[in-house]
Amino acid sequence: MKRDRSIVGGVGVIAIGAFLGCAGPAPEGEPTTAAQADAGADSQYSTATFQLTVAPTGAQCIRIVTTPASGSPTTQTFAVTAGASTATLTMTGVPTGADTFTGNAFNVVCSSIGSAAPTWAADPLSTTVRAGVPAMLMLTFRPVGAESASVNFVSNLTGIAAGGYNTYALTDGAPYAWGVFTGPSSSTFSGITAPTAIASGPYHSCAVKPDGTVWCWGYNYYGGVGPNIAVGSVTFTPVQVPLPFSATLVSAGNYHSCAYGAAAGGTVYCWGYNADGELGNGTTTNTATPVLALSGTVRSLAAGQYSNIAVTGDGHYAGWGSNTYGQLGDGTTTNRTTAVRLATDSAVVAAATGYHTCLLHADGSIACLGANFYGQIGDGTTLTRATSTKVTLPAAAKSIGVGYAHSCALLVNGQVMCWGDNIEGEIGDLTGVNHPTPTAPAGFGGETPAALAVGTYHNCVLTTAPNVWCWGGNFNGGVGDGTYDDAFGPLKVTVQ
């Protein structure tokens, strides 16, 4: 199997959960502290003490930004107007030359946590800021071009989704995005507020709005974005896909998309590329107009590169499309233009991408099948499997995700385990060595993962803090640390 980044896809699908708290943004990894700088770098690194003496009313989110510069430390005292009042801030240890400050107020509201007054958590620090109460925050300025150091208070993070080469942080407002084919910022998500599900392939993404409508954006090579944009064109503004139901699930492959709605007993419709039977309508003809692929109740829906897996209401699953490596699980390598239904042990969630598939069962066990060149099946071998093979895990799993040639699971005890390809750091254990059995990433700073998202070559978790941590292949910026360097261990990413 040729490893070709130009054609492979990744799919991340998430149904939003409720995670309270406020988190702050700006794609950075863990800050470099002054102590980490070498002895000759004192003029380039400086730690600032930041005191917020008045919490502005009507503006629960404030960002203070400075452009780092080299030079000896100095002290700056200044006022920032935000909303209806002024916040007075004192910063000491600011490098000389870093004396231009700006303050922006964001009209968002953070949820209360155990009290009537709003509680704000500053990220990347754990300091809690409350109205009228002084708080001290320590920041480190890094002289990387004109990179900003910032403190932010933003809407609640509610979920995380990773796709082909991108990542989405979901909030109670518009999603935030980084990587490629996502659009330049959250402002591009015109009309997409608090999506209930989101999915992303390497070239396009789709989301379900709270009203059940499906909207897609990105490159419409073969109609995967839908019929309301010309085939072959591109849009970073979401366009609605006409469907005969209110959707609850959505998936996105390389060039095709699918959605599920419970109306009339449940149906799955697909649109876009169909050379391998991805649309499930018995043909291999591409169409941007959604067509019926499957009837019946569906619990989970996942799109692979050129295939689909749906877990049905009875715990069985159905697969259609490409079957080159037996990833559909019917014991053959024959492509299927209509769904093949198979019995399982009460499957509840399916994950598919690249050329392998994993299923999460009701008892928390995971079984995988398909291509296994890098150990992505997790059975300790590199033998391709046309029937499902159980993965040995240290505890029951509650979610599963697969990339091009790796797989990751979130366990009920909050542990994350990954296996398979590790060339770009997909496993996150700092080694770059492939692992054909489950292996834990290096860690998340003592925080507990609550949600998992897996892209083609990278992974992200949302912790209970809530914070976002990502690792793996980063050649298109999907890790979100402000670089294009692969991350061989998890990095904390602030979301802006």
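What you see below is based on every heavy atom in this structure, not just the backbone, and it leaves out hydrogens, waters and symmetry mates.
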Test salt bridge (Lys or Arg N to Asp or Glu O under 4.0 Å) applied to D379 - qualifying residues, sequence neighbours left out:
R385
List in chain and number order the residues that pass salt bridge (Lys or Arg N to Asp or Glu O under 4.0 Å) with D485, two or more places apart in sequence or in another chain; answer none if no residue qualifies.
none
Measure the [atom1]-[atom2] distance between [X] and [Y] for me, rounded to the nearest 0.5 Å.
X	Y	atom1	atom2	value
L410	K398	CG	NZ	5.0 Å
N372	Y355	CG	OH	15.5 Å
L301	N308	CG	CG	6.5 Å

Taking ring pair (Phe, Tyr, Trp, His ring centres under 6.0 Å) as the definition, give me every residue that meets it alongside W320, ordered by chain and number, with sequence neighbours left out.
none
With Y260 via ring pair (Phe, Tyr, Trp, His ring centres under 6.0 Å) - residues at least two apart:
none
For T392, all residues meeting side-chain contact (heavy atoms from CB on, under 4.5 Å), sequence neighbours excluded
none
Show me the donor-acceptor pairs, under 3.5 Å and distance only, between side chains in residues 261-271 and residues at least two apart or in other chains.
from: W271; atom 1: NE1; to: G224; atom 2: O; distance (Å): 2.9

For a quick test of reading the model, state the closest non-hydrogen atom pair linking [X] to [Y] and the distance between them.
X	Y	result
L452	G401	CD2-N, 4.3 Å
W178	C470	CZ2-SG, 4.2 Å
S322	S307	O-CB, 3.4 Å
A405	Q376	O-CB, 3.3 Å

[X] side chain near [Y] side chain, heavy-atom distance below 4.5 Å:
X	Y	value
L328	R336	yes
S200	Y168	yes
V348	H361	no
P202	N254	yes

Stepwise, does the side-chain contact (heavy atoms from CB on, under 4.5 Å) test hold for C418 with H435?
CA-CA 8 Å; C418 298; H435 292 284; over 6 Å; no
Check: Y219 ring centre within less than 6.0 Å of Y255 ring centre
no
May I ask you to check whether F373 and Y325 place their ring centers less than 6.0 Å from one another?
yes
Regarding E447 and N467, is there a side-chain donor-to-acceptor distance under 3.5 Å anywhere?
yes
Within the side chain of D429, is there an N or O that forms a donor-acceptor pair under 3.5 Å with the backbone of A442?
no
